[in-house]
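Heads up: numbering here begins at 1 and tracks the sequence. Quick caveat, the model's predicted, so the values are computed rather than measured.
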Amino acid sequence: MHMHSDSFYVWIRSGFIPPYLPEATRQNEVVQNVMIDAACAYAGGGYDVILDGILGPWMLEPFRAAGHKRGLGLSYVALRPSLDVVLSRATQREGRQLKEVEPITGLYGAFEDIGALESCVVDSSVQSVEQTGAEISAGLRAGRFLLGA
């Protein structure tokens, strides 16, 4: 199951607040809880779930708690290409997806050093989608990205 976190935001039709703004805190909490419930429901049904989006280490505790409560494992992968590559890719996005340079640069800074989770980082700057997928698959099989309870 490949879930795009952006979808959970673009589905908001009335009262949407760009999630990087301080006044979006409540909206972001609601969206995060919906993502957690959806991911856990699919995983509990036997599906492997990939939640694809901007999910910083500061968001992991509720995912860990929900997974632990339901007996589900959790792995974390942070793709961290160079800032130039991030900006090039992001500014080509369409629709309501985040493409403004200033918040993207700020978010990039939040991932520059993720402490104990650095082993979960994949530098996809010069990799094709297939190469990135292969590195992640190999890392998952080896337990590289598995988070403890």
query = Who pairs with Arg141 by salt bridge (charged side-chain N to carboxylate O under 4.0 Å, His left out), at least two apart in sequence or on another chain?
reply =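 Arg141 satisfies salt bridge (charged side-chain N to carboxylate O under 4.0 Å, His left out) with no residue once adjacent residues are dropped.
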request  = State which residues pass salt bridge (charged side-chain N to carboxylate O under 4.0 Å, His left out) with Asp37; sequence neighbours excluded, sorted by chain then number.
outcome  =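 Only Arg70 meet the salt bridge (charged side-chain N to carboxylate O under 4.0 Å, His left out) criterion with Asp37.
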message = Checking the side chain of Ser124 only, and the main-chain atoms of Gln127 only, is there a donor and an acceptor separated by less than 3.5 Å?
response =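 Such a contact is absent between Ser124 side chain and Gln127 backbone.
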task = Check whether any side-chain N or O of Gln92 sits under 3.5 Å from a backbone N or O of Arg89 as a donor-acceptor pair, and report yes or no.
result =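 Absent.
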Output the distance between atom [atom1] ([X]) and atom [atom2] ([Y]), rounded to the nearest 0.5 Å.
{"X": "Tyr76", "Y": "Arg64", "atom1": "OH", "atom2": "CZ", "answer": "10.5 Å"}
{"X": "Trp58", "Y": "Ile114", "atom1": "CH2", "atom2": "CD1", "answer": "9.0 Å"}
{"X": "Leu117", "Y": "Ser119", "atom1": "CG", "atom2": "OG", "answer": "7.0 Å"}
{"X": "Thr91", "Y": "Ile104", "atom1": "OG1", "atom2": "CD1", "answer": "7.0 Å"}

task = Using the rule that two of Ile, Leu, Val, Met, Phe, Trp, Tyr join whenever any of their side-chain heavy atoms come within less than 4.5 Å, decide whether Leu146 and Phe63 are in one cluster.
result =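 No, Leu146 and Phe63 fall in different hydrophobic clusters.
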ask   = Is there a chain of hydrophobic side chains (I, L, V, M, F, W, Y, each step under 4.5 Å between heavy atoms) that links Val101 to Val85?
value =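 No; tracing contacts between hydrophobic side chains, which count when under 4.5 Å, never links both residues.
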task = Write out all pairs satisfying side-chain hydrogen bond (donor to acceptor under 3.5 Å, both in side chains) with one or both partners inside residues 101-117, taking only residues at least two apart or from two chains.
result =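 Listed once each, the pairs would be none.
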Given Asp48, Leu140, Leu147, the one that forms side-chain contact (heavy atoms from CB on, under 4.5 Å) with Ser75 =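 Going through the options one by one, the only one that passes is Leu140.
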Of all residues at least two apart in sequence or in a different chain, which pass the side-chain contact (heavy atoms from CB on, under 4.5 Å) check with [X]?
{"X": "Ile54", "result": "Leu98, Leu107, Phe111"}
{"X": "Met59", "result": "Gln32, Met35, Leu55"}
{"X": "Val77", "result": "Leu79, Val122, Ile136, Phe145"}
{"X": "Ser7", "result": "His4, Trp11"}

Identify all side-chain donor-acceptor contacts of residues 17-29 below 3.5 Å with residues at least two apart in sequence or on another chain.
| unit_1 | atom_1 | unit_2 | atom_2 | d |
| --- | --- | --- | --- | --- |
| Thr25 | OG1 | Pro22 | O | 2.9 |
| Gln27 | OE1 | Ile17 | N | 2.9 |
| Gln27 | NE2 | Ile17 | O | 2.6 |
| Asn28 | OD1 | Tyr9 | OH | 3.4 |
| Asn28 | ND2 | Pro19 | O | 2.8 |
| Asn28 | ND2 | Ala24 | O | 3.4 |

key: Shortest non-hydrogen separation from Met3 to Ala39 and the atoms involved   =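 In this case the closest contact between Met3 and Ala39 is CE-N, 3.8 Å.
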Smallest separation among heavy atoms of Ala43 and Leu72, with atom names =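 So the two residues come closest at CB-CD1, 3.9 Å.
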task = Mark yes when over 12 heavy atoms from residues, nucleotides or ligands other than Phe16 sit less than 6.0 Å from its CZ; otherwise mark no.
result =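 It does: Phe16 CZ has more than 12 such atoms within range.
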ask   = Do any pairs count as a ring pair (Phe, Tyr, Trp, His ring centres under 6.0 Å) and have a residue in residues 80-104, sequence neighbours left out, and if so which ones?
value =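 Listed by first then second residue: nothing to list.
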message = Between Arg80 and Glu118, does any side-chain N to carboxylate O distance fall below 4.0 Å?
response =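 A salt bridge links Arg80 with Glu118.
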request  = Could you tell me which residues satisfy side-chain hydrogen bond (donor to acceptor under 3.5 Å, both in side chains) with Arg144, sequence neighbours excluded, listed by chain and number?
outcome  =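 In terms of side-chain hydrogen bond (donor to acceptor under 3.5 Å, both in side chains), with neighbours along the sequence ignored, Arg144 is linked to Glu135.
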Contacts of Ser125 that satisfy side-chain hydrogen bond (donor to acceptor under 3.5 Å, both in side chains) - sequence neighbours left out =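 Partners of Ser125 by the side-chain hydrogen bond (donor to acceptor under 3.5 Å, both in side chains) criterion, ordered by chain and then number, come out as Asp123.
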message = Under 4.5 Å side-chain heavy-atom separation, chaining through any Ile, Leu, Val, Met, Phe, Trp or Tyr, what else clusters with Ile50? Say none if it is isolated.
response =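 For Ile50, no cluster forms, as it stays isolated from other hydrophobic side chains.
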request  = Output, in order, the C-alpha distance, side-chain angles, deciding distance and verdict of side chain to side chain contact (heavy atoms under 4.5 Å, CB included) for Val126 and Gln131.
outcome  = CA-CA 9 Å; Val126 297; Gln131 291 168 322; over 6 Å; no
request  = With the side chain counted from C-beta on, respond yes when Val86 and Ser82 share a heavy-atom pair under 4.5 Å apart, and no when they do not.
outcome  =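 Not in contact.
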